[in-house]
There are 2 protein chains.
Amino acid sequence: MPIEGLATQLRKGVIEYCVLAMLRNTPRYGGELIQLMRSQDGLLTSEGTIYPLLSRMRADGLVDTEWRETPRGSPRRYYRLTKAGQQAVSDFQREWVRFRATVDHVFVHEGGPQG
Amino acid sequence: MPIEGLATQLRKGVIEYCVLAMLRNTPRYGGELIQLMRSQDGLLTSEGTIYPLLSRMRADGLVDTEWRETPRGSPRRYYRLTKAGQQAVSDFQREWVRFRATVDHVFVHEGGPQG
DNA sequence: CCGACCATCCTTGTATTGCAAGGCTCCTTG
DNA sequence: CAAGGAGCCTTGCAATACAAGGATGGTCGG
């Protein structure tokens with residue numbers, strides 16, 4: 001079990017909200033998001049992760065989409081946060097802080113009062 | 001999608017190592033681990049999570065087991081960390097610190113330099 | 001025009017994991 | 001014997017990340 005596989009499980013349930021966070025201030029398209037995620041240590045992803053994810057978020061109403069022409073090449077589908085998406089990011093952020101504190105606590109105390 | 005469901009995905013890949021961490025200083029049995037996990041905010045679990053997990057860890061050589069008699073009632077299977085288990089906890093801890101930093105970074109910067 | 005190439009988007013199938021629901025065994029209590 | 005509880009485990013399901021493969025449409029060299 002490589003060290004990569006360890007992080008793969010950590011990513012579950014987090015990647016979605018990282019993508020949403022990256023859309024907070026500006027719309028972006030698929031390839032751009034993949035590049036951005038890859039530039040973050042520990043969030044390595046592939047197309048097979050991002051595109052189904054974006055479809056899901058669109059179906060859930062967390063993002064809006066809009067096609068934009070490009071100077072050269074195919075048009076790109078840009079994703080933008082909806083109100084619900086912004087709310088989801090906020091909710092996650094709260095939950096993340098709480099979860100992070102819990103895990104830190106477990107690893108500091110190493111298993112309880114007797115430890 | 002309740003707020004509980006949000007944390008359910010966060011737990012993936014973390015519960016296993018939290019259980020291992022709880023075995024660092026003393027062997028414990030199933031019911032004890034369930035109670036301990038439940039006492040940690042954000043790590044709510046059930047038997048259906050813990051027992052398959054413990055079986056997996058035993059198969060992977062991360063824990064040893066030993067039956068112990070009790071004054072009353074059924075004997076209990078106690079779990080204890082192996083060398084490999086201790087190593088796994090250390091590896092995870094390193095990975096967790098790194099992962100945590102990455103997620104924090106994404107949420108602080110909110111998606112990039114243009115933001 | 002024609003073929004090679006590339007960026008963009010998406011789909012399908014697999015592995016891992018957390019969890020609810022249910023079952024088994026043994027002991028105690030009446 | 002019957003009822004109940006503590007401990008252990010199995011089965012089936014849902015959500016997610018990811019590899020692999022494919023469809024489309026534009027550019028570029030000949």
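As rounded to whole Å, 11 Å separates atom P of C:dA20 from atom CD1 of B:Ile34. In this structure, the CZ atom of A:Arg11 is 14 Å from the C1' atom of C:dA15, given to the nearest Å. Between A:Leu43 atom CG and D:dT16 atom P there is a gap of 16 Å when expressed in whole angstrom units. Rounded to an integer number of Å, the gap from OH of A:Tyr17 to P of D:dT16 is 8 Å.
For C:dT16, its base sits under 3.5 Å from the side chain of A:Lys12 at one donor and acceptor pair at least.
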Expected string for nucleotides 25-30 of chain C under the B/S/- scheme (protein heavy atoms, under 4.0 Å, primed atoms plus P, OP1, OP2 as sugar-phosphate) is -B--S-

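A:Thr45 pairs by the side-chain contact (heavy atoms from CB on, under 4.5 Å) definition with A:Ile15, A:Met37, A:Thr49, A:Ile50, not counting sequence neighbours. Residues satisfying the salt bridge (charged side-chain N to carboxylate O under 4.0 Å, His left out) test with A:Arg72, not counting sequence neighbours, are none. Residues meeting the side-chain contact (heavy atoms from CB on, under 4.5 Å) test with B:Thr82, sequence neighbours left out: B:Asp64, B:Ala84. Applying the salt bridge (charged side-chain N to carboxylate O under 4.0 Å, His left out) rule to A:Arg100 yields the partners B:Asp104; only residues at least two apart in sequence or on another chain are considered. A:Arg58 is linked by a salt bridge (charged side-chain N to carboxylate O under 4.0 Å, His left out) to nothing, counting only residues two or more places apart in sequence or in another chain. Every residue was checked against the side-chain hydrogen bond (donor to acceptor under 3.5 Å, both in side chains) condition with A:Arg80, not counting sequence neighbours, and none meets it.
Listed by residue number, the members of residues 81-89 of chain A with any heavy atom below 4.0 angstrom from DNA chain D form an empty set. At a non-hydrogen distance threshold of 4.0 Å, A:Gly48, A:Tyr51, A:Pro52, A:Arg58 from residues 48-58 of chain A come into contact with DNA chain C.
Atom CD of B:Glu66 and atom CZ of B:Arg77 lie 11.0 Å apart (nearest 0.5 Å).
When each of D:dC9, D:dC18, C:dT16 is scored by its nearest atom to the side-chain atoms of B:Glu47, the top-ranked nucleotide is D:dC9.
The stretch residues 35-48 of chain A participates, sequence neighbours left out, in these salt bridge (Lys or Arg N to Asp or Glu O under 4.0 Å) pairs: A:Asp41-B:Arg98. Residue pairs meeting the ring-ring contact (aromatic ring centres under 6.0 Å, His included) criterion with at least one member in residues 42-71 of chain A, sequence neighbours excluded, do not occur.
The other residues sharing a hydrophobic cluster with B:Tyr29 are B:Tyr78, where clustering joins ILVMFWY side chains under 4.5 Å apart.
Among the atoms of the strands shown, only primed sugar atoms or phosphate atoms (P, OP1, OP2) are found under 4.0 Å from some heavy atom of A:Tyr79.
Between C:dT8 and A:Tyr29, a contact under 4.0 Å exists linking OP1 or OP2 to a side-chain N or O.
Heavy-atom minimum distance, A:Met22 versus A:Arg28: O-NE, 2.9 Å.
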